[in-house]
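Below is one structure, written out as structure tokens; comments come after it.
Computation of the quantities below employed the complete heavy-atom set of this structure, encompassing side-chain atoms and omitting hydrogens, waters and symmetry-equivalent molecules.
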Protein chains: 2
Amino acid sequence: MANGRIREAINTLKASGVRITPQRHAILEYLIVNMSHPTADEIYKALESKFPNMSVATVYNNLRVFKRAGLVKELTYGDSSSRFDFATTDHYHIICEACGKIVDFTYPGLDEVETVAEHVTGFTVKNHRMEVYGTCPDCKNNTIKN
Amino acid sequence: MANGRIREAINTLKASGVRITPQRHAILEYLIVNMSHPTADEIYKALESKFPNMSVATVYNNLRVFKRAGLVKELTYGDSSSRFDFATTDHYHIICEACGKIVDFTYPGLDEVETVAEHVTGFTVKNHRMEVYGTCPDCKNNTIKN
DNA sequence: TATTAAATAATAATTTTTATAATCTGCTTG
DNA sequence: CAAGCAGATTATAAAAATTATTATTTAATA
């Protein structure tokens with residue numbers, strides 16, 4: 001359940017000397033409970049009622065903190081704004097080019113790519129990112145679409 | 001050599017009814033000759049001398065045109081601005097998290113990922129994107145770095 | 001509970017990208 | 001090879017996202 005995840009995440013933060021503020025708790029909770037891939041602004045809007053005077057900068061700052069702690073991944077596409085994904089289990093994303101929908105899927109063992117890349121380039125590899133693009137079932141039906 | 005590539009790209013554009021303007025020619029040439037991953041602004045600055053009154057909007061517009069024609073791919077990272085890569089042969093990118101350097105490397109056959117994703121999600125897949133993150137040899141040496 | 005370093009809020013500023021409208025030009029047709 | 005038109009470019013302006021700044025507040029520690 002979500003509570004465990006939240007507690008776990010908070011411990012990770014505490015361990016690296018990050019203070020737990022109500023705002024941080026709320027942002028983490030939002031990410032974990034909703035299991036979505038929100039933009040910073042979506043998070044801000046969602047928490048506006050609980051924190052009437054929270055600042056957008058706070059959302060950005062904390063997402064950056066979470067990202068540095070490895071709790072959150074930033075997803076950037078060609079469009080306007082970044083999206084943020086709570087880094088639970090390893091999974092990849094498939095994105096509909098028509099409507100922008102993001103669906104998670106799992107795929108095992110792309111670690112070999114990292115190994116190969118290390119050998120070929122001399123880099124020390126930390127992680128990788130992979131996304132698949134296409135058209136979702138809904139948009140395939142709605143043929144009357146751009 | 002680069003000339004062939006440019007001519008080829010221009011034919012692709014003509015075939016899909018896109019006009020060849022001097023600006024478009026120059027942007028294509030820049031992408032192909034430099035084999036880099038420039039931002040729109042870098043392209044703009046590089047061509048400023050040849051086209052003293054070119055507009056940044058032109059660069060953006062044309063990159064979008066090229067992208068739609070499949071000649072160019074947009075690379076977006078967490079940082080500020082998109083980068084654009086002339087789509088030659090299939091290759092992936094490894095990015096240094098310390099200095100931002102982008103190095104190309106080839107890796108065969110990730111088509112299976114697309115197939116799996118199609119089956120699992122019901123999407124129709126068009127293509128995929130994959131990047132590896134780490135530290136480049138230069139930055140590994142310069143330990144005195146953020 | 002007092003202290004202090006870190007976090008927040010409230011702007012402001014920057015930066016990237018897109019929209020608009022007037023002017024210009026590549027390309028096709030006659 | 002000249003004319004005409006659809007599409008392209010310029011020059012702004014506007015929008016949108018993100019970062020910087022600074023005064024105020026607060027979480028965690030002793």
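Annotation: side chain to side chain contact (heavy atoms under 4.5 Å, CB included) contacts of Ser55(B) (sequence neighbours excluded): Ala57(B), Thr58(B).
With contacts defined as side-chain heavy-atom distances shorter than 4.5 Å, the pair Leu13(A)/Leu28(A) qualifies. With contacts defined as side-chain heavy-atom distances shorter than 4.5 Å, the pair Leu110(B)/Leu110(A) qualifies. Counting only heavy atoms from C-beta outward, the side chains of Leu75(B) and Tyr77(B) approach each other to under 4.5 Å.
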Mind listing the N/O atom pairs, protein and nucleotides 3-7 of chain D, below 3.5 Å?
residue, atom, partner, partner atom, Å
dA6(D), N3, Arg19(B), NH2, 2.7
dG7(D), O4', Arg19(B), NH2, 3.4
dG7(D), N3, Arg19(B), NH1, 3.3

Might you list the N or O atoms of the protein lying below 3.5 Å from N or O atoms in nucleotides 10-12 of chain C, with each pair's distance?
residue, atom, partner, partner atom, Å
dA10(C), OP2, Asn53(A), O, 3.3
dA10(C), N7, Ser55(A), OG, 3.1

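The side chain of Tyr60(B) contributes no N or O atom lying less than 4.0 Å from OP1 or OP2 of dT18(C). The side chain of Ser82(B) places no N or O atom within less than 4.0 Å of a non-bridging phosphate oxygen (OP1 or OP2) of dT16(C). Considering only side-chain N and O atoms, Thr21(B) lies under 4.0 angstrom from the phosphate OP1 or OP2 of dT9(D).
Distance CD1/Ile20(B) to NE2/His25(B): 8.0 Å, rounded to 0.5 Å. The line from NZ of Lys101(B) to CD1 of Ile95(B) is 12.5 Å long, rounded to the nearest 0.5 Å. To the nearest 0.5 angstrom, Tyr107(A) atom OH is 13.0 Å from Ile94(A) atom CD1.
A straight line from CG of Asp41(B) to C1' of dT17(C) spans 11 Å, rounded to a whole angstrom. One interatomic measurement links the two molecules: CZ of Phe51(B) to C1' of dT9(D), which rounds to 11 Å at whole-angstrom precision. dA27(D) atom C1' lies 11 Å from atom CD of Gln23(A), rounded to whole Å. Between the CD atom of Glu74(A) and the C1' atom of dT19(D) there is a distance of 13 Å, given to the nearest Å. Leu63(A) places its CG atom 14 Å from the P atom of dA17(D), with the value rounded to the nearest Å. Atoms CD1 (Ile20(A)) and C1' (dT29(D)) sit 15 Å apart, rounded to a whole Å. Nucleotide dT8(C) holds its C1' atom 18 Å from the NE2 atom of His25(A), rounded to whole Å. At whole-Å resolution of the value, NZ in Lys14(A) and C1' in dA27(D) are 10 Å apart.
The number of heavy atoms from other shown groups lying within 6.0 Å of NE2 (His119(B)) does not exceed 12. When the shell of 6.0 Å around CG of Asp90(B) is examined, it contains 12 or fewer heavy atoms from other residues, nucleotides or ligands.
Summary of the strand contacts: Asn61(B) and Ser81(A) both lie near DNA chain D, and taking for each the nucleotide with the nearest heavy atom, the more 5' one is attributed to Asn61(B).
Backbone-only engagement by Asn62(B) is indicated by non-hydrogen atom pairs under 4.0 Å involving sugar-phosphate atoms exclusively. At the heavy-atom level, Thr58(B) lies under 4.0 Å from base atoms of the strands shown.
Within residues 27-40 of chain B, no residue has a heavy atom under 4.0 Å from DNA chain C.
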Under 3.5 Å, which donor-acceptor pairs do the side chains of residues 33-40 of chain A form with other protein atoms, sequence neighbours left out?
residue, atom, partner, partner atom, Å
His37(A), NE2, His93(A), NE2, 3.2
His37(A), NE2, Asp104(A), OD1, 3.0
Thr39(A), OG1, Glu42(A), N, 3.1

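A donor-acceptor contact shorter than 3.5 Å is absent between the side chain of Ser82(B) and the backbone of Glu74(B). Without hydrogens or angle criteria, Arg24(B) side chain to Arg19(B) main chain gives a donor-acceptor distance under 3.5 Å.
The hydrophobic cluster containing Val18(B) also contains Phe84(B), counting ILVMFWY residues as joined when their side-chain heavy atoms lie under 4.5 angstrom apart, directly or transitively. Cluster annotation: Val116(B) and Met130(B) are assigned to the same hydrophobic cluster (Ile/Leu/Val/Met/Phe/Trp/Tyr, side-chain heavy-atom contacts under 4.5 Å, transitive).
Remark on the helix from dT1(C)-dA30(D) to dG30(C)-dC1(D): inter-end axis angle 40°, axes from five-pair C1' superpositions, rounded to 10°.
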